[in-house]
Amino acid sequence: MPRQFFVGGNFKMNGSVDSIKKIIGYLNDAKLDTNVEVVIAPPALYLLLAREHLKPGLEVAAQNVFDKPNGAFTGEISVDQLKDSNITWTLLGHSERRVILQEDDQFVAAKTKAALDGGIGVILCCGETLEQRENNKTIDVVTSQLKAVKDKLQDWSKIVIAYEPIWAIGTGKVASTEQAQEVHAAIRAWLKKEVSEKVAEETRIIYGGSVSEKNCKDLSKQTDIDGFLVGGASLKPAFVDIINSHL
């Protein structure tokens, strides 16, 4: 079975009731490639609004979730609360949270396990800094981030891995098609060796890092690139072109 193409839109801390309704209206009205799984991740405040207005078949992701079921954790959202609100995915391990909020690999792995155990799909982000890339540490960094997750779970069927080189996020710099494919292939080889051949074959590995309507077609043709995690461009009409890049 070929892997289903996956496109996520990470709105980050952007949007208002009005602008998110507009983006959703645009998605609802557009002719989207029916073979692509599409998920949008608005800020937490707008998750219910997005789910209410987005047409069936398109899914909504939280940008984060906590690793405890409930309790005195001010400002956090639980897996059960997401499920209760029909939010079927969450982003975890995004570099902005790893860097700005100091989330380490173990914490990301604990949250990943909690989400999967609770029946929520995880878009698991990994990636290296420019310094790490220049020191040829890319594969070491990415696989150590993934190993923390592997140590906590067996089932990878509801994980989409998003490779996002930190130096390419929001900078306009994009990893070349060859650079992206090379890391994706290395991640798949790591999955085959450390998890199983089946998981390596079936897990979708998507690329994020200044993805736009201009570079998505070339990237989408690569053997090991199974979709995109889109930042700024997901707030614009161009998001539809990225979803349809595989046509």
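- Between the side chains of Ser16 and Asp18, no donor-acceptor pair of N or O atoms lies under 3.5 Å.
- Cluster annotation: Leu146 and Val199 are assigned to the same hydrophobic cluster (Ile/Leu/Val/Met/Phe/Trp/Tyr, side-chain heavy-atom contacts under 4.5 Å, transitive).
- Residue pairs that meet the side-chain hydrogen bond (donor to acceptor under 3.5 Å, both in side chains) test with at least one member in residues 30-53, sequence neighbours left out, are Glu37-Arg204.
- Under the 4.5 Å side-chain heavy-atom criterion for Ile, Leu, Val, Met, Phe, Trp and Tyr, Val38 and Val160 are members of distinct hydrophobic clusters.
- In this structure, Ser78 and Pro69 approach most closely via the heavy-atom pair CB-O, 3.2 Å.
- Geometrically, Lys111 engages Phe107 in a cation-pi contact defined by less than 6.0 Å to the ring centre and at most 45° from the axis.
- For Lys113, the NZ atom is loosely surrounded, since the number of other residues' heavy atoms within 6.0 Å does not exceed 12.
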(request) Please step through ring pair (Phe, Tyr, Trp, His ring centres under 6.0 Å) for the pair Tyr26 and Phe239, ending with a clear verdict. (result) CA-CA 10 Å; Tyr26 194 78; Phe239 189 43; 9.7 Å; no
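- Checked against side chain to side chain contact (heavy atoms under 4.5 Å, CB included), Lys193 has no partners two or more places apart in sequence or in another chain.
- Distance alone, capped at 3.5 Å, places no donor-acceptor pair between the Asn10 side chain and the Gly231 backbone.
- In this structure the side chain of Arg133 never reaches within 4.5 angstrom of the side chain of Thr129, judged on heavy atoms.
- Between Phe66 and Phe73, the distance from one ring center to the other falls under 6.0 angstrom.
- Counting heavy atoms from C-beta outward, Leu229 and Val211 have side chains that stay 4.5 Å or more apart.
- Salt bridge status for Glu201 with Arg3: present, with a side-chain N to carboxylate O gap under 4.0 Å.
- To the nearest 0.5 Å, the span separating SG on Cys125 from CD on Gln145 amounts to 9.5 Å.
- Ring planes of His246 and Phe5: parallel class, angle under 30° (limits at 30 and 60°).
- Leu49 and Met13 fall into different hydrophobic clusters, where Ile, Leu, Val, Met, Phe, Trp and Tyr side chains are chained together by heavy-atom contacts under 4.5 Å.
- Under the 4.0 Å criterion applied to side-chain N and carboxylate O atoms, Arg188 and Asp226 are assigned as salt-bridge partners.
- In this model, a donor atom of one side chain and an acceptor atom of the other lie less than 3.5 Å apart for Trp167 and Glu128.
- To the nearest 0.5 angstrom, Ile206 atom CD1 is 5.5 Å from Ile123 atom CD1.
- Glu194 has no carboxylate O lying under 4.0 Å from a charged side-chain N of Lys147, or vice versa, which leaves the two without a salt bridge.
- Rounding to the nearest 0.5 Å gives a distance of 9.5 Å between OG1 of Thr171 and CG of Leu130.
- Residues meeting the side chain to side chain contact (heavy atoms under 4.5 Å, CB included) test with Asp241, sequence neighbours left out: Glu213, Ala238.
- Here the CD1-OG1 distance, from Ile120 to Thr88, works out to 6.5 Å after rounding to the nearest 0.5 Å.
- No chain of hydrophobic side-chain contacts below 4.5 Å, direct or via other Ile, Leu, Val, Met, Phe, Trp or Tyr residues, connects Trp89 to Val60.
- No more than 12 heavy-atom neighbours from other residues, nucleotides or ligands sit within 6.0 angstrom of NZ on Lys198.
- Under the 4.5 Å side-chain heavy-atom criterion for ILVMFWY residues, a single connected hydrophobic cluster contains both Ile40 and Val17.
- Summarising the geometry, atom CD belonging to Gln63 is positioned 11.0 Å from atom CG belonging to Leu92; distances are rounded to the nearest 0.5 Å.
- Heavy atoms from other residues, nucleotides or ligands lying under 6.0 Å from NZ of Lys217 number more than 12.
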